[in-house]
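Beneath this line is the structure, given in structure tokens, with notes to follow.
Chain A is the first sequence line, chain B the second, and so forth, proteins listed ahead of strands; every chain is numbered from 1.
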Amino acid sequence: MQPSQRPLNFGVDLRLRSKLQFDAVYAGGRRLDDRFFALRVKANGLAHPRVGLAVAVKTAGNAVKRNRLRRLVRESFRLAQGELPAVDIVVAAKFAAAGAPATSLRDSLATLWKRVASTCASS
RNA sequence: GGAGUCGGCCGGACGGUCGCUGCGUUUCUCACGAAAUGUGGAGGAAAGUCCGGGCUCCUGUGGACAAGGUGCCAGGUAACGCCUGGGCGGCGUGAGCCGACGGAAAGUGCAACAGAAAGCAAACCGCCGAAGCGUCAGAAAUGGCGCUGGCAAGGGUGAAAGGGUGCGGUAAGAGCGCACCGCGGACGUGGCAACACGGACGGCACGGCAAACCCCACCUGGAGCAAGGCCAAAUAGGAAAGUCGCCACGCAAGUGGCAGCGUGAGUCCCGCGUGCUUUCGGGUAGGCCGCUCGAGGUCGCCGGUGACGGCGAUCCCAGAGGAAUGAUCGUCCUCGACAGAACCCGGCUUACAGGCCGACUCCACCU
């Protein structure tokens, strides 16, 4: 694990904020998914990665569970951002994520971040 | 101590580290902003969106009708379908709980099945044989049978059969008479009222359903913060102004050609006649406001049975926007339920691990 250049912040510039940005990722993004999450990844041409979340109340069960999932994903991204290339990532939760324990969700995300790093480095 | 009723409250705690976000202060920056630091950051239901209001825009001179809602009385409130107090009815040994609880004497309608009959009285089984007629017996009185009839006590059907019980009465019966109960009820008394109490008199009628239509009284304009307002790129289109190539012919209007553009290395054919610049208004993306100081919280005093109201002091207590309020470590306990603000309030309803406080009731026991 190499030391990060940036502090592990999660400011406004690290999030996808508009429909335009989301659409761009959906249009040109590469797919990566596992049991709990489906990712869309696309190079953004910036100096850092950005993330956007797509978790519906319907998927999570209710609003509280939805918030819990979103926070978990964001925290995982925040801690892993130093290892990620400059890409935009949209993380969509699957139904299986709704009832899963937090530790397995975190493991799943950590693996996905590594896959993102390796695929984008090779291409 | 056990069982229970009602009301109120809480909804893991503390500390460290890493993050997100509103506001204040300081520093830096031409500025956008950035950093540091301090401080605030989900709920009792934030939920369902079922009522009531504020706010905003649209519409309307008022009113009537329609449609919808509410429905014992009085009060509280900005308002309510909410709350408080009272009345009536029902349930419970009780504390208490439950109730769409106006009108059936304005009209229309409904009641399956059963039953003779379901709203106007009717008679299946039954009871009677006093009265009238016939007939039989008898000398007659009288008696038997039948018919015309009388009756609604008993049986039976039904959710409901037109007061109940008893005595008298009668051919048998019947409020036919009487007593008590029930019902209606002029009027009187108490109460703001709902209503309660008494009750001359009536002899019993006026059955039920209005969560059937309906009648009566009262209430209600529509849409919603994606309301609504402001600023405002790029592109296309609109308006105005300026400019609008060169040559030939013509006084001029104009005509023709070249250049130009579509169009590409060039040529031919075809099409276009404007193009450019500036400004203006509408307006999209985007941004800002609305956006949190409010029918506000806490405490005290006063008025009121109470809901609540008045006065005074004091506090500022989320404001996001692909949507913050989290993650992690440690310690402790009773090992943590339902659940996430989205313009704001007042209610109702629904979900919920566990716990605390107060008042009261019943049972048992002790003194």
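Here the side chains of A:Arg106 and A:Leu72 are in contact, with some heavy-atom distance below 4.5 Å. Side-chain atoms of A:Asp34 and A:Leu112, non-hydrogen and from C-beta on, do get closer than 4.5 Å to each other. At a threshold of 4.5 Å between non-hydrogen side-chain atoms, the residues A:Leu84 and A:Phe77 count as touching. Within the 4.5 Å cutoff, the side chain of A:Leu53 has heavy atoms near those of the A:Arg74 side chain.
Nucleotides B:rA211 and B:rU189, compared at atom C1', are 40 Å apart to the nearest Å. Look at the C1' atom in both B:rG224 and B:rG229: the space between them is 16 Å, to the nearest Å. B:rA31 and B:rU298: their P atoms are spaced 46 Å apart (whole Å). Rounded to whole Å, the separation between the P atoms of B:rA196 and B:rG222 comes to 41 Å. As rounded to the nearest Å, B:rA131 and B:rA172 have P atoms that lie 13 Å from one another. Remark: the separation of the C1' atoms in B:rG188 and B:rA100 is 36 Å, to the nearest Å. Spacing of C1' atoms, B:rU56 relative to B:rC289, comes out at 14 Å, to the nearest Å. Using atom C1' as the reference point in both B:rU5 and B:rG96, the two lie 6 Å apart (nearest Å).
A:Arg78 places its CZ atom 7 Å from the P atom of B:rC20, with the value rounded to the nearest Å. Distance CD (A:Glu75) to C1' (B:rG326): 7 Å, rounded to an integer number of Å. For the pair A:Leu105 CG and B:rA327 P, the interatomic distance rounds to 13 Å; values are reported in whole Å. Rounded to whole angstrom, the span from the CZ atom of A:Arg40 across to the C1' atom of B:rG322 amounts to 17 Å. Protein atom CG of A:Leu79 is 10 Å distant from nucleotide atom P of B:rU328, rounded to whole Å. For the pair A:Phe22 CZ and B:rG321 P, the computed distance is 14 Å after rounding to whole Å.
Within the shown strands, B:rG22 is the pairing partner of B:rU39 under the Watson-Crick or G-U definition, both distances less than 3.5 Å. Shown here, B:rA117 forms no base pair; nothing in the strands shown gives a Watson-Crick or G-U wobble contact with both key distances under 3.5 Å. Across all strands shown, B:rA111 forms no Watson-Crick or G-U wobble pair with both key distances under 3.5 Å. Pairing for B:rG175 is absent, judged as Watson-Crick or G-U wobble with the two contacts each under 3.5 Å. Base pairing of B:rA223: its partner is B:rU56, meeting the Watson-Crick or G-U wobble criterion (both donor-acceptor distances under 3.5 Å). If you check B:rU367 for Watson-Crick or wobble pairing at under 3.5 angstrom, you find it has no partner at all. Here B:rG237 sits opposite no nucleotide as a Watson-Crick or G-U wobble pair (both hydrogen-bonding atom distances under 3.5 Å). Across every strand in view, B:rC187 sits in a pair with B:rG198 that passes the Watson-Crick or G-U test at under 3.5 angstrom.
Taking 90° from 0 as the syn/anti boundary, the base of B:rA313 is oriented anti. Base orientation at B:rC216 is anti, since its O4'-C1' glycosidic dihedral falls outside 90° of 0. Glycosidic conformation, B:rG44: syn, with the torsion inside 90° of 0. For B:rG175, the glycosidic angle deviates from 0 by 90° or less, giving a syn base. Taking the syn range as angles within 90° of 0, the glycosidic angle of B:rC356 is outside it, so the base is anti.
Under the 4.5 Å side-chain heavy-atom criterion for grouping Ile, Leu, Val, Met, Phe, Trp and Tyr, A:Phe95 is not connected to A:Phe36 through any hydrophobic cluster.
Applying the 4.0 Å criterion to OP1 and OP2 of B:rU21, one finds that A:Arg15 has a side-chain N or O inside that range. Close to B:rA323, at under 4.0 Å from its OP1 or OP2, lies a side-chain N or O of A:Arg70.
Mapping A:Arg106 and A:Val51 onto RNA chain B by nearest heavy atom places A:Val51 closer to the 5' end of the strand.
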Checklist line | Residues A:Asp88, A:Lys42; criterion salt bridge (Lys or Arg N to Asp or Glu O under 4.0 Å); working and verdict | finding: CA-CA 5 Å; A:Asp88 286 347; A:Lys42 190 190 184 190; over 6 Å; no
Next item on the list: Mind running side chain to side chain contact (heavy atoms under 4.5 Å, CB included) on A:Leu14 and A:Val51 for me, showing each step along the way?
Entry: CA-CA 6 Å; A:Leu14 293 189; A:Val51 74; 6.0 Å; no
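In the interface, the side chain of A:Arg71 is paired with the base of B:rG340 through a donor and an acceptor atom under 3.5 Å apart.
Of the candidate nucleotides B:rG19, B:rA324, B:rG322, B:rG322 has the atom lying nearest to any side-chain atom of A:Ala54.
Interatomic distance, CG of A:Leu109 versus CD of A:Glu75, reported as 11.5 Å (0.5 Å rounding). With rounding to the nearest 0.5 angstrom, the CZ atom of A:Arg35 is 9.0 Å from the CG atom of A:Leu105.
For the contact set between residues 59-69 of chain A and RNA chain B, defined by any heavy atom under 4.0 Å, the members are A:Asn62, A:Ala63, A:Val64, A:Arg66, A:Asn67.
With hydrogens and angles disregarded, a donor-acceptor distance shorter than 3.5 Å links the side chain of A:Ser104 to the backbone of A:Pro101.
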